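Structure first, commentary second.
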Amino acid sequence: MDWSLDRLRDQVAGGMHAVRDCDASALATVSCLLLLFIWYCYRVGREQAATSPRSYRAGAVVPSSASLLAERGDGEGPQNGYAYCHSPECFRCTAHSEGLNQRLYHNLQEYAKRYTWAGMGRVHKGVRDQGRYLASRPSIQKPEVFFLPDLPTSPYFSREAQKHDVELLERSWPVLLAEFEAVHQGFSNCSLSPSQGWKVNSTPHGEWHTFYLVNQGVSVPQNCRRCPRAYRTLGSLRTFIGNNVFGNACFSVLSPGTLITEHYGPTNVRIRCHLGLKIPSSCELVVGGEPQCWAEGSCLLFDDSFLHTAYHEGSAEDGPRVVFMVDLWHPNVAAAERQALDYIFTPGR
């Protein structure tokens, strides 16, 4: 039966007239109609609550990243074509658990009480409305964990964006290449094992290995000891993200025939810097649909929150493609915002 508010109101009015005329059967009708009216209002209220946008308010329930992913139909298995490692130590994997949004907002409030709300407008806006941002971003740029609003958007950045650190990395190219050769030779001469410090990443074709000095804001002591000059170089960078889960530094190796499936990075607050160490022909990086090639001894800066992929189509004789990868702050993230984000996204918090 199709019930509407106007029809119910007319029925109730008619029933009240009948009551005044002492019609006993109408009294029962009015009682039934009142119960139906209460049920109708309850149902409408629940439907509106289910579809209305939620935000961080006192006592409000905020949808987590996991629920948003489930609504988009890609909450399980490979995400954006990129297979997660599902490690309990990986922030990108565990970030999609229930309660992340509440934890982030609690961390922000704790930071503001300890320090200040000054300069926290964008951070507060991003944390408060994170669910809406992650769900509604254009498909070409869709960070999976945290989006800071009102940052200039571009798939690639010029060298001038972080000139000091780019020049320092490029001057360190011979040192970084030498230390890579040492750790890679040891890796090549033995079977793959965690003791060698190398990680194997999931790819549909070929092999992609990484040797982390800093992994999601946490230094890897045994790897840093094997590459002391590279680790000292990180300490000299002005904008390296070394204190929160969005910061990484590693040697990244693509074997010939390797394809990294298109995927999004976790946030737009960083710039990913690739210093080319060994770059054969037929290697390419594509960010936001724009292809670029690496060059040995030069840095390539890009925003990995854009859809991106990389591949090495060379032959076995060409050898691997090797870059030194470092995460730097986006140049338009202010110092106060960096301090707050370091606090909110402290590893293990």
Side-chain angles (χ1 to χ4, degrees), residues 65 68-69 72 74 78-84 90-93 95-96 122-123 125-126 129-162 165-166 201-204 208 210 216 239-241 244-250 252 254 258-276 283-295 298-312 321 323-333 337-338 341 345:
S65 300
L68 292 169
L69 291 170
R72 296 204 302 265
D74 53 3
Q79 176 67 24
N80 300 319
Y82 181 80
Y84 285 126
C90 176
F91 180 79
R92 288 185 65 182
C93 294
H96 302 296
R122 288 195 303 189
V123 175
K125 183 179 178 182
D129 297 330
Q130 180 186 183
R132 177 169 62 85
Y133 285 128
L134 297 184
S136 63
R137 291 298 304 160
S139 61
I140 198 68
Q141 184 193 27
K142 193 177 294 184
E144 295 179 336
V145 177
F146 179 74
F147 175 78
L148 185 66
D150 305 322
L151 282 182
T153 297
S154 175
Y156 293 97
F157 285 80
S158 71
R159 298 165 48 85
E160 301 302 314
Q162 297 296 3
D165 289 351
V166 165
N201 302 283
S202 177
T203 57
W208 173 25
T210 45
Q216 297 184 1
T239 61
F240 172 54
I241 303 178
N244 72 54
V245 296
F246 299 132
N248 303 274
C250 69
S252 176
L254 293 187
T258 300
L259 167 68
I260 300 176
T261 313
E262 290 183 323
H263 62 286
Y264 302 97
T267 184
N268 65 328
V269 304
R270 73 186 187 190
I271 295 177
R272 179 147 284 185
C273 175
H274 282 183
L275 171 64
C283 295
E284 199 165 63
L285 172 70
V286 182
V287 182
E290 300 181 22
Q292 292 277 356
C293 294
W294 298 276
S298 297
C299 288
L300 182 60
L301 306 178
F302 64 100
D303 183 344
D304 74 328
S305 67
F306 282 80
L307 189 66
H308 63 285
T309 182
Y311 57 86
H312 180 356
R321 181 238 60 177
V323 299
F324 185 62
M325 186 195 81
V326 183
D327 289 323
L328 308 176
W329 283 106
H330 189 293
N332 294 95
V333 178
E337 294 174 320
R338 297 178 187 181
L341 291 171
F345 289 101

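The figures that follow rest on heavy atoms only: side chains count, while hydrogens, waters and symmetry mates do not. Small disclaimer: the values here were computed from a predicted structure and weren't measured.
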State, with a plain yes or no, whether a side-chain heavy atom of [X] is found less than 4.5 Å away from one of [Y].
X	Y	answer
D303	F157	yes
I260	Y311	no
V269	W329	yes
L151	V333	yes
S298	L275	no
F306	I140	yes
F302	I271	no
L307	H263	no

Using side chain to side chain contact (heavy atoms under 4.5 Å, CB included) as the criterion, point out the one residue from C299, C283, S252, C273 that pairs with V323.
->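 Among the candidates, only S252 passes.
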What are the two closest non-hydrogen atoms of [X] and [Y], and how far apart are they?
X	Y	value
L254	H312	O-CD2, 3.3 Å
E290	P155	OE2-CG, 3.8 Å
L259	T203	O-CB, 3.4 Å
N332	E337	O-OE1, 4.1 Å
P152	H330	O-NE2, 3.3 Å
G247	D327	C-OD2, 3.9 Å

Go through the steps for W294 and R321 under the test side chain to side chain contact (heavy atoms under 4.5 Å, CB included), then give the verdict.
-> CA-CA 9 Å; W294 298 276; R321 181 238 60 177; 3.3 Å; yes
Going by atom types only, do N201 and T210 share a side-chain donor-acceptor pair under 3.5 Å?
-> yes
Flag for Q292-Y156: side-chain donor and acceptor within less than 3.5 Å = no
Evaluate ring-ring contact (aromatic ring centres under 6.0 Å, His included) for F146 paired with F345, printing each intermediate quantity in order.
-> CA-CA 10 Å; F146 179 74; F345 289 101; 5.3 Å; yes
Salt-bridged, R122 to D150, with N to O below 4.0 Å?
->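 Answer for the salt bridge query: no.
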Ion pair check, R270 and D304, cut-off under 4.0 Å |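 Yes.
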Side-chain donor/acceptor of N268 to backbone N/O of P143, under 3.5 Å =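 No.
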Could you give the distance from CD1 (I241) to CG (N248), rounded to the nearest 0.5 Å?
->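 Here the interatomic distance stands at 9.0 Å.
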Should V286 and T309 be marked as a side chain to side chain contact (heavy atoms under 4.5 Å, CB included) after you check the CA-CA gap, both sets of side-chain angles, and the distance that decides it?
-> CA-CA 5 Å; V286 182; T309 182; 3.9 Å; yes
Does the separation of the ring centres of H308 and Y264 fall below 6.0 angstrom?
->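 Ring centroids of H308 and Y264 are no less than 6.0 Å from each other.
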Dump the intermediate steps for side chain to side chain contact (heavy atoms under 4.5 Å, CB included) on L301 and R272, then the final yes or no.
-> CA-CA 6 Å; L301 306 178; R272 179 147 284 185; over 6 Å; no
